[in-house]
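Notes to accompany the following structure.
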Amino acid sequence: MSRNSAAICLFETFQKSYHPIRDLATASGTMATLRDVANRAGVSIGSVSAVVNRTAPVSAALRQRVLAAIEELGYAPDGVARSLKTGRTRTIGLIIPDLTNPLFAALAAAIERACDAAGYALVLCASADDPEKELRHLQLMRTQRADGLVLVLSGVEPGNAEAIRRLVTVPAVLVDRTLRGLAEFDSVMLDDRAAARMAVEYMIRSGHRRIGVITGRPGISTATDRFDGYREALDEAGIVFDEDLAVCGDFQIETAKDATAALLHRRPRPTAIFSTSNLTTIGVMRAVAEQGFRCPKDVSVAGIGDFEWSTAFSPGLTAVVQPVREMGERAVECLLARLDGAPPAGPVRAVFAPQLAVRESCRVIG
């Protein structure tokens, strides 16, 4: 498995301890069955199935009796047989661009917790924002018969939407990024235009007029929407857009660092820089330090994407906060509605409002 790809398979297990009946079964090569568990617990096979598969509510006492019998007999559900019978594997597939990005790591953790609480395992793959690799992961999810998918798509190649549509035959929800041509999918997004306007408007209120921007990867919806929000904030304040102050950072640390270095040597130099993602902000702050400038005395910085250790920067970073946990939970809710409940008539469009965390990286100028 490559460094940028991982699979997490979480299955319910029970604490192993010595028991003569179970050990005898193991020694003789026989496996406990659902009927054996039912006989041991003194309940019906249907009750055992309800506990194991979580298909119906049962009383706490009945559940405890069944779990005790499972423990005694060392019963392990046959996942393959169960999936053939029910048409379900109780797995959810998640594709994200990058496991090392704090945003996507936090999103994956939130989705895993929500899946686990609902009795689903999570299979996780990272695409490195490579459309071909993304399609291979989708094919894998289809082969493994995932019940539903949560997708953070690259979506930068022509015809990618049609290829994705052919591969996705189960309920799917898009998170963080939209993709033109997949309007039938549910989606859970940050209001990216509003997020960008929020950060840039704060800079403008702080007295800045020459505001640079490190843009994201072309073709990705978040990059487009955040750049549009930057432009809208300038327009509303009567500030003429200067294309020399817009440099592509590709949502990558090193690229953003080089882009920021170029901005810092513009004449006149921008008094503030707007960063369009958390990794971009890291690149911006590195460039400011390496080029011999000080933040916020020489240049102010504000961006989109907060993370737990952002306050460890000196100065603390002013950033737009994305409600990542809530977005992950909402994505799983959308899938469960389609898998287990009464699905909505049309695609869900859940848009989360941003919030601005004001810290010390953006100063007021006269």
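As the structure is a computational prediction, the values presented were derived from the model and not from experiment. Numbering starts at 1 and runs along the sequence shown.
Two residues are said to be in side-chain contact when any heavy atoms from C-beta on lie closer than 4.5 Å; Asp306 and Gln322 fail this criterion. Two residues are said to be in side-chain contact when any heavy atoms from C-beta on lie closer than 4.5 Å; Phe185 and Leu179 fail this criterion. Taking 4.5 Å as the limit, every side-chain heavy atom of Arg226 sits out of range of all side-chain heavy atoms of Val320. Contact annotation: the side chain of Arg231 never approaches that of Val213 to less than 4.5 Å [non-hydrogen atoms, C-beta and beyond]. Here the side chains of Val37 and Val51 are not in contact, with every heavy-atom distance at 4.5 Å or above. No side-chain heavy atom of Leu245 sits less than 4.5 Å from a side-chain heavy atom of Ile211. At a threshold of 4.5 Å between non-hydrogen side-chain atoms, the residues Asp244 and Arg266 count as touching. The closest side-chain heavy-atom distance from Arg338 to Asp186 is below 4.5 Å.
Other residues, nucleotides and ligands contribute at most 12 non-hydrogen atoms within 6.0 Å of the CD atom of Gln355.
Side-chain atoms of Ser127 and Asp130 include no donor-acceptor pair closer than 3.5 Å. With hydrogens and angles left out, the side-chain atoms of Thr280 and Ser275 include no donor and acceptor closer than 3.5 Å.
Here Glu326 does not pair with Arg330 in a salt bridge; the nearest charged N to carboxylate O distance is not below 4.0 Å. Taking the charged nitrogens against the carboxylate oxygens, Arg286 and Glu254 do have a contact shorter than 4.0 Å, which makes a salt bridge.
Taking all atoms of both residues into account, the shortest heavy-atom contact from Pro315 to Pro296 is CG-CD, 4.0 Å.
In the hydrophobic clustering of ILVMFWY residues, with side-chain heavy atoms under 4.5 Å counting as a link, Leu103 and Phe352 come out together.
Thr100 OG1 to Ile253 CD1: the interatomic distance, rounded to the nearest 0.5 Å, is 7.5 Å.
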Could you go step by step and tell me if Thr255 and Asp258 meet the side chain to side chain donor-acceptor pair (under 3.5 Å) rule? CA-CA 5 Å; Thr255 310; Asp258 294 341; over 6 Å; no
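The ring pair (Phe, Tyr, Trp, His ring centres under 6.0 Å) check on Phe293 picks up nothing, with sequence neighbours excluded.
One N or O on the side chain of Asp147 and one on the backbone of Thr89 form a donor-acceptor pair closer than 3.5 Å.
The ring pair (Phe, Tyr, Trp, His ring centres under 6.0 Å) pairs that include a residue from residues 240-277 are Phe227-Phe241, where partners are two or more places apart or lie in different chains.
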